[in-house]
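This one's a predicted model, so the numbers in the text were calculated from it and none came from an experiment. Side chains are part of it too, since the values below use all heavy atoms of this structure and drop only hydrogens, waters and symmetry mates.
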Protein chains: 2
Amino acid sequence: MVTMKDVAQRAGVSIATVSFLLNDTKPVTAATRARIEQAMLDLGYRRNMVARALASRRTHIIAMAYPALEHRFGMSTSEFFTSAAEAARKDDYHLVLWPVGNDGVELRELLGQGLVDGVVLMEVQLDDPRIDVLQQAGTPFALIGRTTELEGLSHVDIDFDTTVEDAVRHLREHGHHELVLISGDLDDPRFHDYGPWVRTEEAYRRVVASYDLPIRIIPCSDTTQAGKAAAARVLTEYPEATAILVLNEYAALGVVAGLKHTGHDIPRDFSVLSLLTVPETAAMADPELTMMRTPGPELGQLGTQALLRQLEGDDPLPPQLVPAKLCPGATVAGPRAPRSKGGAGRRGARKARS
Amino acid sequence: MVTMKDVAQRAGVSIATVSFLLNDTKPVTAATRARIEQAMLDLGYRRNMVARALASRRTHIIAMAYPALEHRFGMSTSEFFTSAAEAARKDDYHLVLWPVGNDGVELRELLGQGLVDGVVLMEVQLDDPRIDVLQQAGTPFALIGRTTELEGLSHVDIDFDTTVEDAVRHLREHGHHELVLISGDLDDPRFHDYGPWVRTEEAYRRVVASYDLPIRIIPCSDTTQAGKAAAARVLTEYPEATAILVLNEYAALGVVAGLKHTGHDIPRDFSVLSLLTVPETAAMADPELTMMRTPGPELGQLGTQALLRQLEGDDPLPPQLVPAKLCPGATVAGPRAPRSKGGAGRRGARKARS
DNA sequence: ATTGTGCGGTAAACCGCTTAACTGAGGCGT
DNA sequence: ACGCCTCAGTTAAGCGGTTTACCGCACAAT
């Protein structure tokens, strides 16, 4: 392994000078700079991050702590991660994905080792035990998501209010009055406290109330299966509904499938609007989902930036809320003609198979 | 920060003794062991991994190098990663996901820093430049996937031959004679050399030939969109086909959607068998996909083990090939009754919309 | 001529841990 | 009683950088 010493020797300077040049922490004359750079080139020098980390107490590694067990790592998360990693690299940091449990014990383990300078926390719960762990350890961190209590916590998050407002407005503009939200399943202990679900549901209640519409919510977990079941519940419990908002993208796939399966046409019979969705998932539905596109790339980047600001001692980035933007697909249209009367029997419903 | 010195002091021993105890590298009497352990407890000592890494030249970190740009990080990959991470943790290693480019320059960067003890390489190409990089750097590595030339490379991979054999047999047992493979798009430069696609196609040619069936292959990239298009091509180019094997799981979703969209019933009119698929994706189709389940958990674990064996100097794990196992869904049934004659016109085809 | 003083550069003390070489106190065979 | 081995512990030399204190020098101000 070629070390700084080797470089210094070959360039005829002291190793401190090499270090100063490398870190740009003290000026170096053009002549010596050239000699050193040549020496580094000749020798193929690469600075050892471990030694640097030990001496400077900065590893230049930041971790994205992801609860791999509780939350599946799907395409949305993948977006967060890659954009965050890119942002980190631009500032000479490494972003690595670290699978940790939601309870914080593995996180504490990780922090104790002194391996990471900071943490980007994902899938934040409203009252997240991991935050205590981070604060106790004194490790800088940024949240993608928000807790209830966010005094002085640097965070970025989806602007759920705007997102839901825009979504509902879109449906209203298409003439819909009968809406249903297929929300998250807050009874599931894993998600009881899960920010996006709680906040979306809250926003929905608020927005719908402001339109003087009835609040109709069906809980549903984050799978296609569950989405199908939820679709069935819509048909029996709210047959008058003409438009369905779906919080989870995988559930949205199930909702579309479920409705089609029972002989309904999308968007003729029902409009479906998927709330937090990436294009890849939207494309998996037939017809392609109209969606509020999760601002994954923006948030990943902003989250990393917020953390790096702290690490570099710059003035902190103010908390930012980014709404999901409407991306028209083919699952939203005007409401079907109001039924004459009674049951859900409609043209097409005859073909129901299950 | 509480260091080993503090612990040693409090326990009244030298810091070397503490180190020996911690690493179990030299015997320590029960008495001193107890004193040291108590001291560590009292002080809340956590060993500093960075210092350890510098001194021992082992970071106990292994990287899973993932070409995040070229390959989307989907559910399958997520499976590989989490199972590999689990296996690593069991052996006191950390597995982190490192996004690197496919060309090897970022990988070289990473290795130069001395941050990782070894690398698990994913999405291996038949002739992968990253392997040269790893060998030059002298970094131990294991492949999930295979190159063409695999002299002495420790690797694990999918057993494509068995997988395809089992898949074709399954369809044959259901009475199908007219098969099509919707394969990968090897014309795409990003995938020209991509092992799974090349190997699956090869295996298919072989297997189908052994059954004396015609070789019918349609290239298709890894998206739902492309799957829909491929379905259309099947209808026009091979209208006699009754069963379709699909290499990529997202394409499989598109194939099902595309066929249904043009008024065909699955599995009545066409059987669809998705070759390398995870249950989550299979569930997104309606009806649920019959699939060959990607052995992600097994391979992630085996890959990590193979690498750790090298790192620990144990005798190497022999290369292992694991087939994908058949998981019946609802997209395979017997072939439709042979048409009387002519075109693809069938009951239901009237409903075609696009 | 004297005194700052700004600047490119050096020497050396760490950073927290590992590990090879060494020490010293029993235990044992003869 | 002597040497010899074993074994728990200790000493100290790194690992490859960073960083503080210091040094000599040229140039400007006094």
Exercise. Please tell me which of the listed nucleotides, D:dA8, C:dA11, D:dG16, lies nearest to the side chain of A:Ala16?
Key: C:dA11

Self-check item: Any B:Thr29 side-chain N or O less than 4.0 Å from OP1/OP2 of D:dG9
Solution: yes

Exercise. Quickly work out the B:Met4 CE to C:dC17 P distance and round it to whole Å.
Key: 6 Å

Quiz item: Given D:dG17, C:dT19, C:dG16, which nucleotide is nearest the side-chain atoms of B:Asn48?
Solution: C:dG16

Quiz item: C:dG9, D:dA12, C:dC17: which one has an atom nearest the side-chain heavy atoms of B:Arg47?
Solution: C:dC17

Practice problem: Counting heavy atoms from C-beta on, name the nucleotide in C:dA12, C:dC17, D:dT10 closest to the side chain of B:Val13. | Solution: D:dT10

Quiz prompt | B:Phe81 ring center near A:Phe73 ring center (under 6.0 Å) | solution = no

Quiz item: In terms of heavy-atom contacts, does NE2 of A:His192 have more than 12 from other residues, nucleotides or ligands at under 6.0 Å?
Solution: no

Quiz item: Quick one: which of C:dC15, C:dC22, D:dT18 gets closest to the side chain of A:Leu54?
Solution: C:dC15

Quiz prompt | A:Asp117 side chain to A:His60 backbone, donor-acceptor under 3.5 Å | solution = yes

Quiz item: Roughly how many Å is it from CZ in B:Arg35 to P in D:dA8, rounded to a whole number?
Solution: 14 Å

Quiz item: Toward the 5' end of DNA chain D, which comes first, A:Thr3 or B:Arg33, by nearest nucleotide?
Solution: B:Arg33

Quiz item: Rounded to the nearest Å, what distance is computed from the CZ atom of residue B:Arg58 to the P atom of nucleotide C:dT18?
Solution: 13 Å

Exercise. Please report, rounded to the nearest Å, how far the P atom of D:dC15 is from the NZ atom of A:Lys5.
Key: 7 Å

Quiz item: Taking the side chain of A:Ser19 as heavy atoms from C-beta outward, which of C:dT18, D:dT19, C:dT10 is closest to it?
Solution: D:dT19

Quiz item: Whole Å only: how far is the NZ atom of A:Lys26 from the P atom of D:dC22?
Solution: 13 Å

Quiz item: Just checking, any donor-acceptor pair under 3.5 angstrom between side chains of A:Glu37 and A:Tyr45?
Solution: no

Practice problem: Could you check how far CG of B:Leu21 sits from P of C:dT19, rounded to whole Å? | Solution: 15 Å

Self-check item: Among C:dG9, C:dC15, D:dA8, the one nearest A:Ala55 by side-chain distance
Solution: C:dC15

Quiz item: Do B:Gln125 and B:Asn102 get their side chains close enough for a donor-acceptor pair, meaning under 3.5 Å?
Solution: yes

Self-check item: Nearest to side-chain heavy atoms of B:Phe20, which nucleotide of D:dG17, C:dG9, D:dT10
Solution: D:dT10

Quiz item: If you check the A:Ile15 side chain, which of D:dG17, C:dG9, D:dA8 turns out closest?
Solution: D:dG17

Self-check item: A:Met75 and A:Glu79, any side-chain heavy atoms less than 4.5 Å apart
Solution: no

Quiz item: Nearest of C:dA11, D:dG9, D:dG16 to any side-chain atom of A:Ser14?
Solution: C:dA11

Practice problem: Would you indicate what A:Met1 reaches in the nucleic acid, counting non-hydrogen atoms under 4.0 angstrom: base, sugar-phosphate, or nothing? | Solution: sugar-phosphate

Quiz item: Over how many whole Å does the gap from B:Asp117 atom CG to C:dT18 atom P extend?
Solution: 14 Å

Quiz item: In whole angstroms, how far is the C1' atom of C:dC17 from the CZ atom of A:Arg57?
Solution: 14 Å

Quiz item: Is the shortest side-chain N/O distance from B:Ser56 to OP1 or OP2 of C:dT19 below 4.0 Å?
Solution: no

Quiz item: Contact class for A:Thr25 vs. all strands (heavy atom < 4.0 Å): base, sugar-phosphate, or nothing?
Solution: nothing

